[in-house]
Amino acid sequence: TVNGNTNLKETTIVGDITHTGNTTQTGDINLTGNLDVTGEVIISASLIQFEDIQISGNRITTTESNSNLDLRANGTGQIYIPDNNVVIENNLAVNGTITVGNITSSGTITANSFSTGDILIDDNYITTTLSNSNLELRANGTGSIIIDTFTINDTTITSSGDFNITPGSNLVNINST
């Protein structure tokens with residue numbers, strides 16, 4: 001038992017040390033093996049580095065040139081960001097499927113295909129995916145649906161060029177009352 005201050009130089013201790021109270025350490029500590037902590041670890045340094053990961057303030061960065069920073073959950077776990085918006089100031093590449101509630105973009109969104117659940121936009125076609133489902137194109141207010149020089153506005157069809165109807169059976173049927 002030591003009471004009061006004690007200075008130890010180049011001391012080797014074999015066995016367990018039980019310490020009660022605060023410890024003030026000046027200089028480096030080299031530890032071989034594991035460090036088990038029960039309770040909280042509070043670090044007041046403004047910079048922490050683990051291998052090639054650095055935490056400084058509210059930023060987590062890599063320290064090696066051109067190295068990736070991977071956030072991974074274990075097993076079926078997910079990386080979850082609760083109740084906060086995510087702002088991405090550069091490009092976002094998603095390899096696989098992304099399911100979102102809302103996306104706001106001021107730039108271009110590029111994908112092999114887009115699906116709303118019933119409408120699929122893939123390559124150069126737009127189709128419905130549910131059986132017997134209609135694909136409706138509607139303009140808002142006084143707007144029109146314009147396909148090249150062909151315009152559909154409410155019940156009026158117009159063209160700024162020639163309007164040709166070429167039926168495959170040599171018949172054109174127009175039914176009206």
Side-chain angles (χ1 to χ4, degrees), residues 34-35 37 40-43 45-177:
N34 297 325
L35 173 65
V37 176
E40 294 182 359
V41 175
I42 299 172
I43 301 173
S46 61
L47 180 80
I48 303 166
Q49 185 164 335
F50 304 95
E51 295 182 6
D52 67 336
I53 306 279
Q54 185 178 77
I55 301 172
S56 177
N58 64 351
R59 291 182 178 210
I60 301 172
T61 59
T62 58
T63 58
E64 293 182 10
S65 179
N66 300 321
S67 64
N68 294 330
L69 177 63
D70 292 333
L71 299 177
R72 297 184 187 191
N74 194 6
T76 59
Q78 298 178 347
I79 297 172
Y80 183 64
I81 302 172
D83 303 324
N84 293 301
N85 293 330
V86 176
V87 177
I88 299 171
E89 294 181 356
N90 211 331
N91 295 332
L92 172 65
V94 177
N95 297 323
T97 301
I98 183 171
T99 303
V100 296
N102 294 303
I103 293 179
T104 302
S105 174
S106 61
T108 302
I109 297 176
T110 305
N112 292 331
S113 65
F114 290 98
S115 175
T116 67
D118 183 27
I119 298 174
L120 173 65
I121 302 171
D122 194 354
D123 292 327
N124 63 346
Y125 65 88
I126 301 172
T127 186
T128 59
T129 57
L130 299 177
S131 179
N132 300 320
S133 183
N134 294 328
L135 178 63
E136 299 180 22
L137 300 177
R138 296 183 186 190
N140 193 6
T142 59
S144 299
I145 298 171
I146 300 173
I147 303 170
D148 288 334
T149 62
F150 189 71
T151 302
I152 303 169
N153 190 338
D154 198 19
T155 59
T156 304
I157 300 172
T158 59
S159 177
S160 61
D162 293 335
F163 187 78
N164 298 314
I165 298 175
T166 309
S169 64
N170 296 326
L171 295 175
V172 174
N173 294 320
I174 300 176
N175 295 324
S176 66
T177 57

[atom1]/[X] to [atom2]/[Y] distance, rounded to the nearest 0.5 angstrom?
X    : Y    : atom1 : atom2 : answer
I126 : I121 : CD1   : CD1   : 5.0 Å
L92  : I103 : CG    : CD1   : 8.5 Å
T62  : Q54  : OG1   : CD    : 9.0 Å
I119 : T129 : CD1   : OG1   : 8.5 Å
L120 : L130 : CG    : CG    : 11.0 Å

Suppose we screen for side-chain hydrogen bond (donor to acceptor under 3.5 Å, both in side chains). Which residues come up paired with S56, at least two apart in sequence or across chains? none

Evaluate the side-chain contact (heavy atoms from CB on, under 4.5 Å) criterion for residues E40 and I42: first the C-alpha distance (whole Å), next the side-chain angles of each, then the deciding distance (0.1 Å), finally the verdict. CA-CA 6 Å; E40 294 182 359; I42 299 172; 4.0 Å; yes

Output every pair passing side-chain hydrogen bond (donor to acceptor under 3.5 Å, both in side chains) with a member in [range], not counting sequence neighbours, ordered by first then second residue.
range            : answer
residues 143-166 : S144-N153
residues 134-143 : E136-R138
residues 90-118  : D118-S133

Measure the shortest side-chain to side-chain distance between L69 and T61 over non-hydrogen atoms and say whether it is less than 4.5 angstrom. no

Can you tell me which residue pairs pass the salt bridge (charged side-chain N to carboxylate O under 4.0 Å, His left out) test with a partner in residues 87-105, sequence neighbours excluded? none

Which residues satisfy the salt bridge (Lys or Arg N to Asp or Glu O under 4.0 Å) test with D70, sequence neighbours excluded? R72

Would you find a donor on one side and an acceptor on the other, under 3.5 Å apart, between the side chain of Q49 and the backbone of E51? yes

Least distance between heavy atoms, I79 atom then L71 atom: CD1-O, 2.7 Å

